[in-house]
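Here's the structure we're looking at; comments come further down.
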Amino acid sequence: MSVLSHFDDTKTAFSYKSNYELKRAYLLFKLLSYPSLTFIGKYFLNLLIKIRFPIDKVIKQTIFEQFCGGENEKECFKVINKLKENNIRCILNYSIEGSNTESNYEHTLNKTLDLIDLSKKDSLSSFIVFKPSAVGRFDLYLKKANNDSLNENEKDEWQRVEQRYDKICNSAAKSGISILIDAEESWIQKSIDELIEKLMIKYNNSSCIVYNTIQAYKVDRFEYLSDLHKRLSKSNIKIGIKLVRGAYMEKERIRAKSKNYKSPICETKVKTDENFNKCMSFIFSNINDFNLFIGSHNERSNLLATEIMNKHRIKNNDKRVWFSQLYGMSDHISFNLAINKYNVSKYLPYGPIKEVVPYLIRRLDENTSVSGQTSRELKLIRKEIKRRKLETNN
Ligand SMILES: Cc1cc2nc3c(=O)[nH]c(=O)nc-3n(C[C@H](O)[C@H](O)[C@H](O)COP(=O)(O)OP(=O)(O)OC[C@H]3O[C@@H](n4cnc5c(N)ncnc54)[C@H](O)[C@@H]3O)c2cc1C
(Lines give C-alpha, C1' and ligand atoms only; values in the text may rest on other atoms or scores of the structure.)
Protein backbone atom coordinates (compact mmCIF):
# COMPACT_ATOMS: atom_id res chain seq x y z
CA MET A 1 0.00 0.00 0.00
CA SER A 2 1.47 3.38 -1.00
CA VAL A 3 1.17 6.13 1.61
CA LEU A 4 0.60 9.73 0.56
CA SER A 5 2.65 12.41 2.28
CA HIS A 6 1.63 15.51 0.30
CA PHE A 7 -0.45 16.74 -2.62
CA ASP A 8 2.20 18.88 -4.31
CA ASP A 9 2.64 16.84 -7.49
CA THR A 10 1.27 19.44 -9.93
CA LYS A 11 2.22 17.43 -13.02
CA THR A 12 -0.30 14.80 -11.92
CA ALA A 13 -2.81 17.32 -10.62
CA PHE A 14 -3.12 19.30 -13.85
CA SER A 15 -2.32 16.60 -16.39
CA TYR A 16 -5.80 16.91 -17.91
CA LYS A 17 -5.57 20.66 -18.44
CA SER A 18 -4.15 22.15 -21.64
CA ASN A 19 -1.78 25.13 -21.36
CA TYR A 20 -4.64 27.40 -22.39
CA GLU A 21 -6.98 25.98 -19.72
CA LEU A 22 -4.28 26.28 -17.10
CA LYS A 23 -3.61 29.93 -17.93
CA ARG A 24 -7.34 30.65 -17.89
CA ALA A 25 -7.63 29.05 -14.44
CA TYR A 26 -4.67 31.12 -13.27
CA LEU A 27 -6.30 34.36 -14.44
CA LEU A 28 -9.60 33.42 -12.84
CA PHE A 29 -8.10 32.56 -9.44
CA LYS A 30 -5.93 35.68 -9.66
CA LEU A 31 -9.07 37.80 -10.05
CA LEU A 32 -10.71 35.92 -7.18
CA SER A 33 -7.79 36.80 -4.96
CA TYR A 34 -9.04 40.41 -4.99
CA PRO A 35 -12.27 40.39 -2.93
CA SER A 36 -13.29 43.87 -4.15
CA LEU A 37 -12.97 42.78 -7.79
CA THR A 38 -15.01 39.65 -7.10
CA PHE A 39 -17.65 41.78 -5.39
CA ILE A 40 -17.91 44.12 -8.40
CA GLY A 41 -17.84 41.13 -10.80
CA LYS A 42 -20.71 39.48 -8.97
CA TYR A 43 -22.73 42.70 -9.00
CA PHE A 44 -22.34 43.11 -12.77
CA LEU A 45 -22.95 39.43 -13.41
CA ASN A 46 -26.29 39.62 -11.59
CA LEU A 47 -27.20 42.88 -13.28
CA LEU A 48 -26.37 41.72 -16.80
CA ILE A 49 -28.34 38.50 -16.30
CA LYS A 50 -31.30 40.50 -14.98
CA ILE A 51 -31.42 42.83 -17.99
CA ARG A 52 -30.91 39.79 -20.26
CA PHE A 53 -27.67 41.14 -21.66
CA PRO A 54 -26.17 38.46 -23.96
CA ILE A 55 -23.17 37.45 -21.85
CA ASP A 56 -23.63 33.68 -22.03
CA LYS A 57 -20.57 33.21 -24.23
CA VAL A 58 -18.32 35.18 -21.85
CA ILE A 59 -19.61 33.28 -18.81
CA LYS A 60 -19.27 29.98 -20.63
CA GLN A 61 -15.64 30.52 -21.57
CA THR A 62 -14.60 31.73 -18.13
CA ILE A 63 -16.14 30.71 -14.80
CA PHE A 64 -18.62 28.24 -16.32
CA GLU A 65 -15.93 26.07 -17.92
CA GLN A 66 -13.82 26.23 -14.76
CA PHE A 67 -16.59 25.01 -12.44
CA CYS A 68 -19.20 23.25 -14.63
CA GLY A 69 -19.25 20.27 -16.99
CA GLY A 70 -21.60 21.64 -19.65
CA GLU A 71 -25.10 22.85 -20.34
CA ASN A 72 -26.53 19.33 -20.58
CA GLU A 73 -25.50 15.75 -19.86
CA LYS A 74 -24.14 15.21 -23.36
CA GLU A 75 -21.80 18.20 -23.11
CA CYS A 76 -20.44 16.89 -19.80
CA PHE A 77 -19.00 13.78 -21.40
CA LYS A 78 -15.85 15.58 -22.52
CA VAL A 79 -14.97 16.28 -18.88
CA ILE A 80 -16.32 12.93 -17.66
CA ASN A 81 -14.13 10.99 -20.07
CA LYS A 82 -11.03 13.05 -19.35
CA LEU A 83 -11.42 12.50 -15.62
CA LYS A 84 -12.21 8.82 -16.07
CA GLU A 85 -8.88 8.36 -17.88
CA ASN A 86 -7.34 9.64 -14.64
CA ASN A 87 -9.28 7.22 -12.45
CA ILE A 88 -11.69 9.93 -11.26
CA ARG A 89 -15.44 9.46 -11.50
CA CYS A 90 -17.94 12.29 -11.97
CA ILE A 91 -21.09 12.75 -9.98
CA LEU A 92 -23.41 14.72 -12.23
CA ASN A 93 -25.16 17.43 -10.31
CA TYR A 94 -28.00 19.21 -12.08
CA SER A 95 -27.46 22.62 -10.50
CA ILE A 96 -30.46 24.69 -11.33
CA GLU A 97 -32.25 26.23 -8.39
CA GLY A 98 -35.96 25.97 -9.12
CA SER A 99 -38.83 27.64 -7.34
CA ASN A 100 -40.71 25.92 -4.54
CA THR A 101 -43.50 24.26 -6.45
CA GLU A 102 -44.75 20.70 -6.60
CA SER A 103 -44.02 20.59 -10.34
CA ASN A 104 -40.39 21.56 -9.69
CA TYR A 105 -40.05 18.85 -7.04
CA GLU A 106 -41.45 16.34 -9.54
CA HIS A 107 -39.03 17.65 -12.16
CA THR A 108 -36.09 17.08 -9.77
CA LEU A 109 -37.39 13.60 -9.02
CA ASN A 110 -37.56 12.71 -12.73
CA LYS A 111 -34.18 14.27 -13.44
CA THR A 112 -32.64 12.27 -10.58
CA LEU A 113 -34.22 9.05 -11.87
CA ASP A 114 -32.83 9.81 -15.35
CA LEU A 115 -29.38 10.40 -13.85
CA ILE A 116 -29.53 7.04 -12.07
CA ASP A 117 -30.22 5.38 -15.45
CA LEU A 118 -27.45 7.35 -17.14
CA SER A 119 -24.94 6.58 -14.37
CA LYS A 120 -25.69 2.91 -14.60
CA LYS A 121 -25.57 2.81 -18.41
CA ASP A 122 -22.37 4.76 -18.87
CA SER A 123 -20.72 3.71 -15.61
CA LEU A 124 -20.25 7.35 -14.65
CA SER A 125 -19.99 7.00 -10.93
CA SER A 126 -21.78 4.83 -8.45
CA PHE A 127 -23.28 7.92 -6.78
CA ILE A 128 -26.14 10.34 -7.40
CA VAL A 129 -26.81 13.37 -5.25
CA PHE A 130 -29.82 15.50 -4.43
CA LYS A 131 -30.77 18.30 -2.08
CA PRO A 132 -33.74 17.87 0.29
CA SER A 133 -35.09 21.33 -0.60
CA ALA A 134 -35.20 20.33 -4.27
CA VAL A 135 -37.77 17.60 -3.61
CA GLY A 136 -39.85 19.12 -0.81
CA ARG A 137 -40.97 22.44 0.63
CA PHE A 138 -38.57 23.98 3.15
CA ASP A 139 -41.34 25.07 5.54
CA LEU A 140 -42.81 21.60 5.56
CA TYR A 141 -39.46 20.10 6.63
CA LEU A 142 -39.36 22.78 9.30
CA LYS A 143 -42.82 21.90 10.62
CA LYS A 144 -41.83 18.24 10.77
CA ALA A 145 -38.54 19.11 12.46
CA ASN A 146 -40.40 21.14 15.09
CA ASN A 147 -43.03 18.41 15.59
CA ASP A 148 -45.76 20.89 14.58
CA SER A 149 -49.04 19.27 13.66
CA LEU A 150 -49.77 19.13 9.94
CA ASN A 151 -53.18 19.83 8.40
CA GLU A 152 -54.70 17.32 5.97
CA ASN A 153 -53.16 18.96 2.88
CA GLU A 154 -49.77 19.06 4.52
CA LYS A 155 -50.01 15.42 5.52
CA ASP A 156 -50.61 14.55 1.85
CA GLU A 157 -47.78 16.84 0.84
CA TRP A 158 -45.39 15.12 3.28
CA GLN A 159 -46.45 11.75 1.96
CA ARG A 160 -45.48 12.92 -1.53
CA VAL A 161 -42.07 14.03 -0.22
CA GLU A 162 -41.51 10.61 1.37
CA GLN A 163 -42.59 8.93 -1.85
CA ARG A 164 -40.08 10.96 -3.88
CA TYR A 165 -37.22 9.91 -1.58
CA ASP A 166 -38.41 6.32 -1.76
CA LYS A 167 -38.71 6.27 -5.56
CA ILE A 168 -35.15 7.60 -5.86
CA CYS A 169 -33.71 5.09 -3.38
CA ASN A 170 -35.68 2.22 -4.86
CA SER A 171 -34.48 2.93 -8.39
CA ALA A 172 -30.91 3.40 -7.08
CA ALA A 173 -31.03 0.08 -5.22
CA LYS A 174 -32.18 -1.72 -8.38
CA SER A 175 -29.35 -0.12 -10.37
CA GLY A 176 -26.60 -0.58 -7.79
CA ILE A 177 -26.19 3.18 -7.42
CA SER A 178 -25.83 4.99 -4.08
CA ILE A 179 -27.68 8.15 -3.12
CA LEU A 180 -25.99 11.04 -1.33
CA ILE A 181 -28.51 13.32 0.33
CA ASP A 182 -27.09 16.78 0.93
CA ALA A 183 -27.44 18.56 4.27
CA GLU A 184 -28.68 22.13 4.28
CA GLU A 185 -29.79 24.42 7.12
CA SER A 186 -29.66 22.93 10.63
CA TRP A 187 -33.21 23.91 11.51
CA ILE A 188 -34.73 21.45 9.02
CA GLN A 189 -32.20 18.63 9.49
CA LYS A 190 -34.09 16.69 12.19
CA SER A 191 -36.93 15.79 9.80
CA ILE A 192 -34.40 14.80 7.12
CA ASP A 193 -32.35 12.68 9.54
CA GLU A 194 -35.50 10.79 10.52
CA LEU A 195 -36.54 10.26 6.92
CA ILE A 196 -33.08 9.06 5.88
CA GLU A 197 -32.78 6.71 8.84
CA LYS A 198 -35.98 4.95 7.74
CA LEU A 199 -34.58 4.67 4.21
CA MET A 200 -31.28 3.25 5.49
CA ILE A 201 -33.21 0.59 7.38
CA LYS A 202 -35.18 -0.24 4.24
CA TYR A 203 -32.37 -0.16 1.66
CA ASN A 204 -28.99 -0.56 3.39
CA ASN A 205 -29.15 -4.23 4.29
CA SER A 206 -26.80 -5.93 1.90
CA SER A 207 -25.12 -2.87 0.39
CA CYS A 208 -24.96 0.82 1.20
CA ILE A 209 -27.48 2.66 -0.98
CA VAL A 210 -28.50 5.64 1.18
CA TYR A 211 -26.03 8.17 2.61
CA ASN A 212 -26.87 10.97 5.05
CA THR A 213 -24.62 14.03 5.33
CA ILE A 214 -22.86 14.95 8.54
CA GLN A 215 -21.84 18.62 8.79
CA ALA A 216 -18.95 18.61 11.23
CA TYR A 217 -19.33 22.34 12.00
CA LYS A 218 -22.43 21.40 14.01
CA VAL A 219 -21.52 20.84 17.65
CA ASP A 220 -24.00 17.97 18.08
CA ARG A 221 -22.95 15.82 15.11
CA PHE A 222 -20.54 13.45 16.81
CA GLU A 223 -23.19 12.55 19.36
CA TYR A 224 -25.73 12.06 16.55
CA LEU A 225 -23.28 9.85 14.65
CA SER A 226 -22.47 7.59 17.60
CA ASP A 227 -26.18 7.32 18.48
CA LEU A 228 -27.03 6.37 14.90
CA HIS A 229 -24.29 3.77 15.04
CA LYS A 230 -25.68 2.31 18.28
CA ARG A 231 -29.17 2.10 16.77
CA LEU A 232 -28.38 0.72 13.32
CA SER A 233 -25.31 -1.45 13.78
CA LYS A 234 -27.28 -3.83 16.05
CA SER A 235 -29.42 -4.79 13.07
CA ASN A 236 -26.52 -4.99 10.62
CA ILE A 237 -27.67 -1.95 8.64
CA LYS A 238 -24.85 -0.32 6.67
CA ILE A 239 -24.60 3.34 7.62
CA GLY A 240 -23.77 5.59 4.69
CA ILE A 241 -22.18 8.88 5.68
CA LYS A 242 -21.04 11.81 3.58
CA LEU A 243 -18.76 13.81 5.87
CA VAL A 244 -18.31 17.54 5.20
CA ARG A 245 -17.59 20.60 7.31
CA GLY A 246 -20.72 22.56 6.36
CA ALA A 247 -21.53 25.40 4.01
CA TYR A 248 -24.07 27.59 5.80
CA MET A 249 -22.05 28.97 8.72
CA GLU A 250 -22.85 32.67 8.28
CA LYS A 251 -26.54 32.01 7.76
CA GLU A 252 -26.66 29.76 10.84
CA ARG A 253 -25.00 32.34 13.04
CA ILE A 254 -27.18 35.19 11.81
CA ARG A 255 -30.37 33.20 12.43
CA ALA A 256 -29.27 32.07 15.89
CA LYS A 257 -28.50 35.67 16.82
CA SER A 258 -31.71 37.09 15.41
CA LYS A 259 -33.86 34.42 17.08
CA ASN A 260 -31.83 34.51 20.24
CA TYR A 261 -30.77 30.86 20.56
CA LYS A 262 -27.30 29.38 20.94
CA SER A 263 -25.68 28.87 17.56
CA PRO A 264 -25.42 25.15 16.73
CA ILE A 265 -22.11 25.82 14.95
CA CYS A 266 -18.70 25.22 16.54
CA GLU A 267 -17.27 28.42 17.93
CA THR A 268 -14.01 28.24 16.01
CA LYS A 269 -12.57 26.65 12.88
CA VAL A 270 -10.23 24.59 15.09
CA LYS A 271 -13.26 23.09 16.87
CA THR A 272 -14.91 22.28 13.52
CA ASP A 273 -11.68 20.60 12.40
CA GLU A 274 -11.54 18.58 15.65
CA ASN A 275 -15.15 17.50 15.21
CA PHE A 276 -14.49 16.52 11.59
CA ASN A 277 -11.48 14.42 12.59
CA LYS A 278 -13.34 12.85 15.50
CA CYS A 279 -16.26 11.81 13.26
CA MET A 280 -13.86 10.51 10.62
CA SER A 281 -11.79 8.49 13.14
CA PHE A 282 -14.95 7.05 14.68
CA ILE A 283 -16.20 5.88 11.29
CA PHE A 284 -12.85 4.34 10.32
CA SER A 285 -12.66 2.55 13.68
CA ASN A 286 -16.07 1.00 12.93
CA ILE A 287 -15.66 0.69 9.17
CA ASN A 288 -17.44 -2.66 9.04
CA ASP A 289 -20.65 -0.83 9.90
CA PHE A 290 -20.08 2.23 7.72
CA ASN A 291 -19.51 3.46 4.18
CA LEU A 292 -17.76 6.82 4.13
CA PHE A 293 -17.75 9.55 1.50
CA ILE A 294 -15.41 12.41 2.44
CA GLY A 295 -16.26 15.76 0.79
CA SER A 296 -13.46 18.16 1.58
CA HIS A 297 -10.87 20.44 0.02
CA ASN A 298 -8.82 20.43 3.20
CA GLU A 299 -5.39 18.90 2.55
CA ARG A 300 -4.84 17.95 6.19
CA SER A 301 -8.18 16.11 6.47
CA ASN A 302 -7.61 14.18 3.26
CA LEU A 303 -4.08 13.20 4.30
CA LEU A 304 -5.31 12.26 7.75
CA ALA A 305 -7.94 10.00 6.17
CA THR A 306 -5.23 8.18 4.18
CA GLU A 307 -3.10 7.84 7.35
CA ILE A 308 -5.97 6.38 9.37
CA MET A 309 -6.82 4.00 6.52
CA ASN A 310 -3.22 2.85 6.49
CA LYS A 311 -3.26 2.39 10.27
CA HIS A 312 -6.42 0.27 10.11
CA ARG A 313 -5.10 -1.65 7.10
CA ILE A 314 -7.98 -0.48 4.95
CA LYS A 315 -6.93 -0.80 1.30
CA ASN A 316 -6.59 2.46 -0.67
CA ASN A 317 -9.32 1.35 -3.06
CA ASP A 318 -11.60 -0.20 -0.45
CA LYS A 319 -15.03 0.27 -1.96
CA ARG A 320 -16.46 1.55 1.33
CA VAL A 321 -14.36 4.72 1.22
CA TRP A 322 -14.64 7.57 -1.28
CA PHE A 323 -13.00 10.99 -1.50
CA SER A 324 -14.61 13.88 -3.34
CA GLN A 325 -14.01 17.48 -4.34
CA LEU A 326 -15.96 19.92 -6.48
CA TYR A 327 -15.06 20.17 -10.15
CA GLY A 328 -12.69 23.09 -10.74
CA MET A 329 -11.32 23.07 -7.21
CA SER A 330 -8.48 21.23 -5.47
CA ASP A 331 -7.40 19.10 -8.43
CA HIS A 332 -4.11 18.55 -6.64
CA ILE A 333 -5.97 16.60 -3.95
CA SER A 334 -8.24 14.65 -6.32
CA PHE A 335 -5.57 13.67 -8.84
CA ASN A 336 -2.90 12.76 -6.30
CA LEU A 337 -5.39 10.59 -4.41
CA ALA A 338 -6.53 8.96 -7.65
CA ILE A 339 -3.03 8.15 -8.86
CA ASN A 340 -2.47 6.41 -5.51
CA LYS A 341 -5.53 4.23 -6.23
CA TYR A 342 -7.94 5.84 -3.76
CA ASN A 343 -11.58 6.05 -4.90
CA VAL A 344 -12.11 9.64 -6.04
CA SER A 345 -15.05 11.51 -7.51
CA LYS A 346 -15.76 15.07 -8.50
CA TYR A 347 -19.14 16.74 -8.12
CA LEU A 348 -19.78 17.93 -11.67
CA PRO A 349 -22.46 20.63 -11.82
CA TYR A 350 -24.19 21.28 -15.11
CA GLY A 351 -27.21 23.07 -16.53
CA PRO A 352 -28.16 25.97 -18.79
CA ILE A 353 -25.73 28.87 -18.23
CA LYS A 354 -28.18 31.38 -16.78
CA GLU A 355 -29.65 28.74 -14.47
CA VAL A 356 -26.33 27.79 -12.92
CA VAL A 357 -25.30 31.39 -12.20
CA PRO A 358 -26.37 31.15 -8.50
CA TYR A 359 -24.13 28.06 -8.17
CA LEU A 360 -21.26 29.93 -9.86
CA ILE A 361 -21.73 32.91 -7.56
CA ARG A 362 -21.51 30.59 -4.54
CA ARG A 363 -18.23 29.21 -5.91
CA LEU A 364 -16.92 32.77 -6.32
CA ASP A 365 -17.96 33.56 -2.73
CA GLU A 366 -16.38 30.40 -1.41
CA ASN A 367 -13.14 31.02 -3.24
CA THR A 368 -12.86 34.54 -1.94
CA SER A 369 -13.98 33.75 1.61
CA VAL A 370 -12.19 30.45 2.31
CA SER A 371 -8.91 31.74 3.57
CA GLY A 372 -5.95 30.24 1.81
CA GLN A 373 -8.00 28.35 -0.79
CA THR A 374 -7.45 30.78 -3.66
CA SER A 375 -3.84 31.49 -2.86
CA ARG A 376 -3.20 27.75 -2.67
CA GLU A 377 -4.84 27.17 -6.09
CA LEU A 378 -2.81 30.07 -7.52
CA LYS A 379 0.47 28.83 -6.07
CA LEU A 380 -0.05 25.35 -7.52
CA ILE A 381 -1.13 26.56 -10.97
CA ARG A 382 1.84 28.94 -11.08
CA LYS A 383 4.14 26.06 -10.13
CA GLU A 384 2.74 23.89 -12.94
CA ILE A 385 2.98 26.65 -15.57
CA LYS A 386 6.65 27.11 -14.61
CA ARG A 387 7.27 23.37 -14.67
CA ARG A 388 5.79 23.05 -18.17
CA LYS A 389 7.90 25.99 -19.42
CA LEU A 390 11.06 24.35 -18.09
CA GLU A 391 10.05 21.04 -19.64
CA THR A 392 9.60 22.61 -23.11
CA ASN A 393 12.87 24.53 -22.80
CA ASN A 394 14.83 21.36 -21.98
C1 LIG B 1 -18.09 16.78 -2.49
C2 LIG B 1 -18.61 17.81 -1.53
C3 LIG B 1 -19.93 17.72 -1.08
C4 LIG B 1 -20.43 18.69 -0.20
N5 LIG B 1 -21.71 18.57 0.29
C6 LIG B 1 -22.17 19.45 1.22
C7 LIG B 1 -23.44 19.31 1.84
O8 LIG B 1 -24.21 18.39 1.54
N9 LIG B 1 -23.82 20.22 2.78
C10 LIG B 1 -23.00 21.24 3.16
O11 LIG B 1 -23.37 22.04 4.06
N12 LIG B 1 -21.79 21.43 2.58
C13 LIG B 1 -21.36 20.57 1.63
N14 LIG B 1 -20.12 20.74 1.07
C15 LIG B 1 -19.34 21.97 1.38
C16 LIG B 1 -18.53 21.77 2.64
O17 LIG B 1 -19.40 21.68 3.74
C18 LIG B 1 -17.58 22.95 2.92
O19 LIG B 1 -18.28 24.16 2.93
C20 LIG B 1 -16.45 23.12 1.95
O21 LIG B 1 -16.04 21.91 1.41
C22 LIG B 1 -15.26 23.78 2.68
O23 LIG B 1 -14.77 22.92 3.70
P24 LIG B 1 -13.42 22.08 3.53
O25 LIG B 1 -13.42 20.90 4.43
O26 LIG B 1 -13.35 21.74 2.09
O27 LIG B 1 -12.27 23.09 3.78
P28 LIG B 1 -11.76 24.06 4.94
O29 LIG B 1 -11.32 25.27 4.20
O30 LIG B 1 -10.79 23.39 5.82
O31 LIG B 1 -13.00 24.42 5.83
C32 LIG B 1 -13.85 25.51 5.63
C33 LIG B 1 -15.06 25.18 6.47
O34 LIG B 1 -14.72 25.18 7.86
C35 LIG B 1 -15.81 25.69 8.64
N36 LIG B 1 -15.38 26.93 9.30
C37 LIG B 1 -14.70 27.96 8.74
N38 LIG B 1 -14.50 28.95 9.62
C39 LIG B 1 -15.08 28.55 10.78
C40 LIG B 1 -15.23 29.15 12.05
N41 LIG B 1 -14.75 30.36 12.33
N42 LIG B 1 -15.88 28.47 13.01
C43 LIG B 1 -16.39 27.22 12.79
N44 LIG B 1 -16.26 26.61 11.58
C45 LIG B 1 -15.62 27.26 10.59
C46 LIG B 1 -16.94 25.94 7.64
O47 LIG B 1 -17.72 24.76 7.59
C48 LIG B 1 -16.20 26.18 6.32
O49 LIG B 1 -17.01 25.88 5.19
C50 LIG B 1 -19.60 19.78 0.20
C51 LIG B 1 -18.29 19.86 -0.28
C52 LIG B 1 -17.79 18.89 -1.12
C53 LIG B 1 -16.38 19.00 -1.59
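At a threshold of 4.5 Å between non-hydrogen side-chain atoms, the residues S301 and I294 do not count as touching. Inter-residue side-chain proximity for Y203 and N170 is flagged as met; some heavy-atom pair is nearer than 4.5 Å. A 4.5 Å side-chain heavy-atom check between F222 and F276 finds every atom pair outside the cut-off.
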Exercise for the section: Start with the C-alpha distance between S126 and S178, add both sets of side-chain angles, then the distance that settles side-chain hydrogen bond (donor to acceptor under 3.5 Å, both in side chains), and finish with yes or no. Expected result: CA-CA 6 Å; S126 48; S178 295; 5.7 Å; no
Practice task
Show your working on salt bridge (charged side-chain N to carboxylate O under 4.0 Å, His left out) between E152 and K155 and close with a plain yes or no.
Solution key: CA-CA 5 Å; E152 286 310 310; K155 280 183 191 159; 3.4 Å; yes
Practice task
Could you give me the CA-CA distance, side-chain angles and deciding distance for Y165 and F130, then say whether ring-ring contact (aromatic ring centres under 6.0 Å, His included) is met?
Solution key: CA-CA 10 Å; Y165 277 71; F130 75 89; 5.2 Å; yes
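Side-chain polar atoms of R89 and N343 form no donor-acceptor pair below 3.5 angstrom. N316 and N340 form no side-chain donor-acceptor contact under 3.5 Å, judged by distance and modelled atom types alone. Between the side chains of Y105 and R137, no donor-acceptor pair of N or O atoms lies under 3.5 Å. If you check the side chains of D331 and Y16, you find a donor sitting under 3.5 Å from an acceptor.
Ring geometry, H229 versus F282: the interplanar angle exceeds 60°, so the pair is classed perpendicular (tilted spans 30 to 60°).
Checked for salt-bridge contact, E197 and R231 meet the test: a charged N lies under 4.0 Å from a carboxylate O. Using a 4.0 Å cut-off between charged side-chain N and carboxylate O, E307 and R300 make a salt bridge.
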